[in-house]
J.: 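After the structure tokens below, expect a handful of questions from me.
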Number of protein chains: 2
Amino acid sequence: MTRPIIPDIVVSRLPLYLRAISRMEEEGLEYVSSHELGARLGISAAQIRKDLSQFGEFGKQGTGYHIPFLKKQLIRILKVDRVWDVAVIGAGDVGSALARYQGFQEHGFRVAMLFDSDPAKIGKVINGIEVRDVADMERLIAEGSIQVAMLAVPAEVAQETADKLIAVGVRAILNYAPVNLAVREGIRVEHIDPVIHLQHMTYYLAPR
Amino acid sequence: MTRPIIPDIVVSRLPLYLRAISRMEEEGLEYVSSHELGARLGISAAQIRKDLSQFGEFGKQGTGYHIPFLKKQLIRILKVDRVWDVAVIGAGDVGSALARYQGFQEHGFRVAMLFDSDPAKIGKVINGIEVRDVADMERLIAEGSIQVAMLAVPAEVAQETADKLIAVGVRAILNYAPVNLAVREGIRVEHIDPVIHLQHMTYYLAPR
DNA sequence: GATAATATGAGAAATTTACCACAAAGTCCC
DNA sequence: GGGACTTTGTGGTAAATTTCTCATATTATC
């Protein structure tokens, strides 16, 4: 069984679709057309239909998409019909905020571990999660079979920390450090850096 | 004078180039080839040459790119050869972390204002920045001629807050709220949502 | 039940984006 | 000074992505 390979750019839009229709469900809507969904997201209706049709026939002519059904399908496709345990590395401002964020639980994720190297932080409890010594990180992550990590450490140690994570089984890293991580084939990395986004936007701004 | 329109996808890579060569400069390197830069970023050398050539001839055959010169050019192109005052809306975990982040200053940005609606937070000082009442937001932003904002408010009030920001002159919004903002033509919005990134990555993970 | 209106899924076309290949220019080393 | 390397910028090509178009199906209305 060789499923057709779905372009990554298509996959990258699925979470946006899921977020939008989840909101629509909360609003009490039952059906949505590709046109309405597209209007909310600033994406063409054709694009949405094409994307979704890669995974199956979820819509109905004349009616559109049944929101609870489409939501269920997207959740399944994105594999968030389970809860992924996530390790947060670094308990500074960013790591702490991630540990406290309430938005993970209902979208398929749980901050299961939190690490830092600062003795002053180790042992503290943030949102019910104890800060562990990063020296024990590899052992604990391996024991916990954790596949997903969020990296919120200083730029200087980001690469070496990522290498350690990958060595003990982590396969997806959400990197908050302002460096490009080099990883081997098969490891997923996504980057979050506000400066990158701001600089992208200032290109289009006129000086004032 | 009609400059050729640069594709946005090209512009979106420029901050990555800038970040990478800034790091190379710190490492004491003087010249870099498109091939070396590409290897660091996971981007093809041809892509980098093509992207940069859209803005001028910055390289030299046989030598590559002079790092300080290229850096200067990218800084100019991205308009971060000045410091942009930025307003942060919301002084919760995310807003506070943004106010404390030391990485803005040297990359063209300064958190000039911080707002919240919680009386318990108003008046507090975070990293030298006083938390102001969001009720005064519009007046203060208009007075400060602020064009860039980072939105770190609850999802429920994100759209209305964005509308207010735009009404008083903000033209670029970095949105941390997990909602798609609808904005008029000419307003730049970028989104940061860890859940979106995590869900994108779990698509590729095998259950364990 | 017929007709008009609505909306999907998919093949085809158009557009955008990325890559290749090479001439030209610079460097290095003997 | 000359030959072997290296590297850029670019025109052309290939690949990827988006949009268009339309047959087909469903719903609503009279």
Side-chain angles (χ1 to χ4, degrees), chain A residues 3-18 20-21 24 29-74 77 180 200 203-204, chain B residues 3-18 20-21 24 29-74 77 180 200 203-204:
Chain A
R3 268 173 300 182
I5 303 123
I6 311 288
D8 183 63
I9 195 157
V10 172
V11 176
S12 75
R13 283 189 291 260
L14 298 183
L16 301 175
Y17 299 162
L18 175 54
I21 67 153
M24 288 174 170
L29 296 174
E30 198 174 356
Y31 286 92
V32 65
S33 68
S34 58
H35 188 83
E36 288 169 317
L37 185 54
R40 286 226 190 179
L41 290 167
I43 291 175
S44 79
Q47 175 96 87
I48 287 170
R49 290 202 304 276
K50 194 74 152 185
D51 284 352
L52 295 177
S53 72
Q54 304 256 21
F55 299 94
E57 305 198 355
F58 302 141
K60 205 157 81 174
Q61 285 144 323
T63 312
Y65 298 89
H66 186 243
I67 289 175
F69 176 74
L70 180 56
K71 182 181 174 187
K72 199 172 214 171
Q73 295 302 314
L74 286 170
I77 292 164
N180 254 81
H200 180 187
Y203 173 84
Y204 295 97
Chain B
R3 268 174 301 182
I5 302 123
I6 312 288
D8 183 63
I9 195 155
V10 172
V11 176
S12 75
R13 282 189 291 262
L14 299 183
L16 301 174
Y17 300 162
L18 175 54
I21 67 153
M24 288 173 170
L29 297 173
E30 199 174 355
Y31 285 92
V32 65
S33 68
S34 58
H35 188 81
E36 288 169 316
L37 185 54
R40 288 225 190 178
L41 291 168
I43 291 175
S44 79
Q47 175 94 85
I48 287 171
R49 291 201 302 278
K50 194 75 150 187
D51 284 353
L52 295 178
S53 73
Q54 304 256 22
F55 299 94
E57 305 199 353
F58 303 139
K60 204 156 81 173
Q61 284 143 323
T63 312
Y65 298 90
H66 186 243
I67 289 175
F69 176 73
L70 179 56
K71 183 181 173 188
K72 199 173 215 169
Q73 294 303 313
L74 286 170
I77 292 164
N180 256 81
H200 180 187
Y203 173 85
Y204 296 97

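Note on naming: letters A, B, ... go to the chains in the order of the sequence lines (proteins, then strands), and numbering restarts at 1 for each one.
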J.: Applying side chain to side chain contact (heavy atoms under 4.5 Å, CB included), name anything that partners B:Gln61, two or more places apart in sequence or on another chain.
T.: none
J.: How bent is the helix from C:dG1-D:dC30 to C:dC30-D:dG1, measuring the angle between the end axes built from five pairs each, rounded to 10°?
T.: 20°
J.: Excluding sequence neighbours, so at least two apart, what forms side-chain hydrogen bond (donor to acceptor under 3.5 Å, both in side chains) with A:Asn180?
T.: B:Arg19
J.: Do B:Phe55 and B:Leu14 have side-chain heavy atoms sitting under 4.5 Å apart?
T.: yes
J.: Would you compute the distance between atom CD1 of B:Ile6 and atom OH of A:Tyr203 and round it to the nearest 0.5 angstrom?
T.: 5.0 Å
J.: Tell me, please, which residues at least two apart from B:Lys71 pass side chain to side chain contact (heavy atoms under 4.5 Å, CB included).
T.: B:Leu18, B:Ile21, B:Ser22, B:Glu25, B:Ile75
J.: Give the residues of residues 29-41 of chain B touching DNA chain C, defined as any heavy atom closer than 4.0 Å, sorted by residue number.
T.: none
J.: A:Ile48 vs A:Tyr17, test: side-chain contact (heavy atoms from CB on, under 4.5 Å). Steps then yes/no.
T.: CA-CA 8 Å; A:Ile48 287 170; A:Tyr17 299 162; 3.6 Å; yes
J.: Please assess B:Tyr65 against B:Ser34 for the test side-chain contact (heavy atoms from CB on, under 4.5 Å), listing each intermediate value before the final yes or no.
T.: CA-CA 8 Å; B:Tyr65 298 90; B:Ser34 58; 4.1 Å; yes
J.: Could you check if a side-chain atom of B:Met24 sits within less than 4.5 angstrom of a side-chain atom of B:Leu37, using non-hydrogen atoms only?
T.: yes
J.: Kindly write out the residues that satisfy salt bridge (Lys or Arg N to Asp or Glu O under 4.0 Å) with A:Arg13, not counting sequence neighbours, or none if the list is empty.
T.: A:Asp51
J.: Could you state the atom-to-atom distance from CG of B:Asp8 to P of D:dT17 in whole Å?
T.: 16 Å
J.: Provide the start and end nucleotides, 5' to 3', of the part of DNA chain C that has atoms under 4.0 Å from heavy atoms of chain A.
T.: C:dT6 to C:dA12
J.: Please name all residues satisfying side chain to side chain contact (heavy atoms under 4.5 Å, CB included) with B:Phe69, sequence neighbours left out, ordered by chain then number.
T.: B:Phe58, B:His66, B:Gln73
J.: Who are the side-chain hydrogen bond (donor to acceptor under 3.5 Å, both in side chains) partners of B:Tyr204, not counting sequence neighbours?
T.: A:Asp8
J.: At a cut-off of 3.5 Å, list every protein nitrogen or oxygen paired with a nitrogen or oxygen from nucleotides 9-11 of chain D, distance to 0.1 Å.
T.:
from   : atom 1 : to      : atom 2 : distance (Å)
D:dG9  : OP1    : B:Phe58 : N      : 3.1
D:dG9  : OP1    : B:Gly59 : N      : 2.9
D:dG9  : OP2    : B:Tyr65 : OH     : 2.6
D:dG9  : N7     : B:Arg49 : NE     : 2.8
D:dG9  : O6     : B:Arg49 : NH2    : 3.1
D:dT10 : OP1    : B:Glu57 : OE2    : 3.3
D:dG11 : N7     : B:Lys50 : NZ     : 3.3
D:dG11 : O6     : B:Lys50 : NZ     : 3.1

J.: I'd like a table of donor-acceptor pairs (distance under 3.5 Å, sequence neighbours excluded) in which one partner is a side-chain atom from residues 40-47 of chain A, with atom names and distances.
T.:
from    : atom 1 : to      : atom 2 : distance (Å)
A:Arg40 : NH1    : A:Glu27 : OE2    : 3.1
A:Arg40 : NH2    : A:Glu27 : OE1    : 2.6
A:Ser44 : OG     : A:Gln47 : N      : 3.0

